[in-house]
Amino acid sequence: SEALALEGIEKTYNPGRANALTVLSGASFELAAGEVVALVAPSGAGKSTLLHIAGLLDSSDAGSVRIGGVDYTGLSDARRTAARREEVGFIYQFHHLLPEFSAVENVILPQLANAVPGAEARAHAMALMERVGVAGRANNRPAALSGGEQQRVAFCRALANKPRVLLADEPTGNLDPGTSDTVFSALMELVRETGLSALIATHNPALAARMDRTLRLEAGVLVSD
Ligand code: ADP
Ligand code: ADP
């Protein structure tokens, strides 16, 4: 079945102005349940824009976004925000963990926002952190962790609410090549074990080759390899 589908997505920044920039002009694709797809495009091609639209963070000028078969086009901001919280996990190049909370608290917090009881949220957070090898760092603040450990914690946070779809924008792009490789492997194991559907933007062909297939963003449309 289908986890995520984009149909005819169009997006122009500054429409009608001299600096208007059309980034997406009819982008379409389907992500099947359990599928892991690489999104490859040159810098500035619109990867972040596409991921933000797919994750209901941004709206498009035309086209539709379906998550789990539900079409969110034109639904209220409240419905879109609720869906984003329940259905989508985001990972960025930089971890964006909250600096004043411990690693495990960063993984617990999104669950509390979804009304998961505290003890259950903590147990689930610890189980996720165990799987990617950062359980021993649970009570440290992010600043005390290495870059690779910070990203692993960010993966756990993104998966904490058991999203249907994971959207990742260069998830290991700020790590040195050796670290990037092992941290990416940890992410892939976690994604495969949980049967998550994922769209992962990367510049790294070796990482793209480890996914099920590659989508290229070219001149505003998505082309399957
Ligand atoms: P990528 O992630 O592939 O680098 P982005 O989606 O971030 O690409 O940006 C695509 C293009 O749109 C870039 O030229 C960028 O400068 C421009 N852009 C992104 N966001 C905005 C915005 N809010 N307003 C105007 N232009 C934007
Ligand atoms: P990334 O490299 O992670 O895609 P960017 O530096 O391209 O991030 O963009 C960071 C933020 O700034 C995004 O929210 C994007 O929408 C916005 N942005 C990018 N380019 C522009 C632009 N030319 N004008 C206004 N906002 C922009």
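Counting starts at 1 for both ligands and their atoms, in listed order. Heavy atoms only: backbone and side chains are in, while hydrogens, waters and symmetry mates are out. Keep in mind it's a predicted model, so treat the numbers as computed, not measured.
- Here the side chain of S102 pairs no donor or acceptor atom with the backbone of R141 at under 3.5 angstrom.
- Across G118 and L112, no two heavy atoms sit closer than the pair CA-CD2, 4.0 Å.
- Screening residues 94-140 for ring-ring contact (aromatic ring centres under 6.0 Å, His included) gives Y92-H96 as the qualifying pairs, with residues at least two apart or on separate chains.
- The distance criterion of under 3.5 Å between nitrogen or oxygen atoms is not met by V23 with respect to ligand 1.
- Checked against a 3.5 angstrom limit, the closest N/O atoms of L21 and ligand 1 fall outside it.
- At a 3.5 angstrom cut-off on N or O pairs, S48 counts as close to ligand 1.
- Of all the atoms in ligand 1, the ones that sit under 4.0 Å from a non-hydrogen atom of K47 are 1 (P), 2 (O), 3 (O), 6 (O), 8 (O).
- When all heavy atoms of D61 and T12 are compared, the closest pair comes out as OD2-N, 2.7 Å.
- The atoms of ligand 1 that sit less than 4.0 Å from any heavy atom of G44 are 1 (P), 3 (O), 4 (O), 8 (O), 10 (C), 11 (C), 13 (C), 14 (O).
- For the pair S28 (side chain) and G8 (backbone), a donor-acceptor distance under 3.5 Å is present.
- Between D77 and R84, none of the side-chain N atoms (NZ, or NE/NH1/NH2) sits under 4.0 Å from a carboxylate O, so this pair counts as no salt bridge.
- Here L50 has no heavy atoms under 4.0 Å from ligand 1, in either its backbone or its side chain.
- Some N or O of T49 is nearer than 3.5 Å to an N or O of ligand 1, by distance alone.
- Which parts of ligand 1 touch G46 is read off a 4.0 Å heavy-atom cut-off, strictly below it: atoms 1 (P), 3 (O), 5 (P), 6 (O), 8 (O), 10 (C).
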